[in-house]
2 protein chains.
Amino acid sequence: MPSPDLAFRAHDHARCAASALHAAQTLCAARNLRLTPARARVLEILLEAHRALGAYEILERLREDGQPAQPPVAYRALNFLCENGLAHRIERLNAFVACVDPQAEHDAAFLICRRCDRVAESPRDQDAGHLGAAAADAGFAIERTVVEALGLCPDCQGGQP
Amino acid sequence: MPSPDLAFRAHDHARCAASALHAAQTLCAARNLRLTPARARVLEILLEAHRALGAYEILERLREDGQPAQPPVAYRALNFLCENGLAHRIERLNAFVACVDPQAEHDAAFLICRRCDRVAESPRDQDAGHLGAAAADAGFAIERTVVEALGLCPDCQGGQP
DNA sequence: TCTTGTCCTGTTACAAGGTAACAGTTAAGC
DNA sequence: GCTTAACTGTTACCTTGTAACAGGACAAGA
Ligand SMILES: [Zn+2]
Ligand SMILES: [Zn+2]
Ligand SMILES: [Zn+2]
Ligand SMILES: [Zn+2]
């Protein structure tokens, strides 16, 4: 598992993206999922950016590939990727980020830089403390938990707000 | 402090809403904030609903009061309420909910029923375990954390999905 | 009292995010 | 090969959110 703060540090990103893409291919083969060209291309775009991209930013990049492309193209690919744990939606940004360690659908926690939109994914301790207890008390059945910390990454601190 | 799961249980809601509104007035007086009629009305609408409302749902209710009302009216009031800890934005729903225990701006954790949109607010243990540590390791400065658990409230369990 | 700046409101017009629905195409399974 | 299910292309639309500007309320000071 890659270090969670990788996104915020210099690294051989070409290799990082290639290996995540390869992991995705392997996972799809194993689980009999069809990582079609459209889906693979969107994942690739997310991996190259290594930060949160809005659906319409992804659309732009798809269009740069040549063909036109309408919003459903991007959303369908993103739904597939998110449903299968290859990408995550960042609620706070209405944006999407590639998963660095693809697995079956999984929740995660995120550190989101509000200046540069880079996102670090951190494995999430299930039923994090307090909240799990509060839910149990209330008889509430948790299905999915969103944990997103907003702030400034190391590179973006020490400048203007 | 009201019990966190209050939203999911039967309670004297007229009293619950009135007391929250009163608390808001007190807090605004103490902090020299202007809880103008427009703002108070939006807070009242949120308190009456006791669930998450979209900005455009709030707009509808404002219009039922007589005057027309354009989106910025709702958003301005909601921004004021959120900035001052009188309401919270639920990212996952693009919706807003009144705070049951208004204080200075504060983060909270939420239990959100995906069937009925009722929302329970739970006090959040600051720098929740793991994530705080991961942030410190990465040199990431957390400013605000979103914690939203999605699931089914007691009333909505045991039926269709 | 008048003046001035600040904050709040009303309104227009639009940007950004997201989806329903349908027709056509590809690929899997028999 | 034929059938069926899954994927793609496209149109048209809905929902959410904001920039920008003009006007009004109000307090503080001259
Ligand atoms: Zn990388
Ligand atoms: Zn940054
Ligand atoms: Zn109540
Ligand atoms: Zn419910």
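In what follows, every chain begins at residue 1, and chains take the letters A, B, ... in the order their sequences are listed.
Rounded to whole angstrom, the span from the OH atom of Y75(B) across to the P atom of dT18(D) amounts to 7 Å. Summarising the geometry, the separation between CD on Q70(B) and C1' on dC14(C) is reported as 13 Å, rounded to the nearest angstrom.
A heavy-atom distance below 4.5 Å is found between the side chains of V42(B) and L62(B).
Residues forming a salt bridge (Lys or Arg N to Asp or Glu O under 4.0 Å) with R63(B) (at least two apart in sequence, or on another chain): none. Listed by chain and residue number, nothing satisfies the salt bridge (Lys or Arg N to Asp or Glu O under 4.0 Å) test with R39(B) (two or more places apart in sequence, or in another chain).
Counted within 6.0 Å of CZ on R15(B), heavy atoms from surrounding residues, nucleotides or ligands total 12 or fewer; the atom is thus considered open.
Between N94(A) and R89(A), the shortest heavy-atom distance links the atoms OD1-NH2, 3.1 Å. Scanning both residues, A149(B) and T145(A), for their nearest heavy atoms gives CB-OG1, 3.9 Å.
Less than 4.0 Å separates DNA chain D from at least one heavy atom of each of the following residues of residues 51-69 of chain B: Y56(B). Against DNA chain D, the stretch residues 76-96 of chain B makes heavy-atom approaches under 4.0 Å through R76(B), R89(B), N94(B). Contact check of residues 27-40 of chain A against DNA chain D (heavy atom, cut-off under 4.0 Å) returns R34(A), T36(A), A38(A), R39(A).
Ring-centre distance between H88(B) and F96(B): not below the 6.0 Å cut-off.
Residue pairs meeting the ring pair (Phe, Tyr, Trp, His ring centres under 6.0 Å) criterion with at least one member in residues 42-65 of chain B, sequence neighbours excluded: H11(B)-H50(B), H13(B)-H50(B).
Linking ILVMFWY residues whenever their side-chain heavy atoms come closer than 4.5 Å, directly or via other members, leaves V119(A) and L53(A) in distinct clusters. Linking ILVMFWY side-chain heavy atoms closer than 4.5 Å, directly or via other members, places L47(A) and L59(A) in a single hydrophobic cluster.
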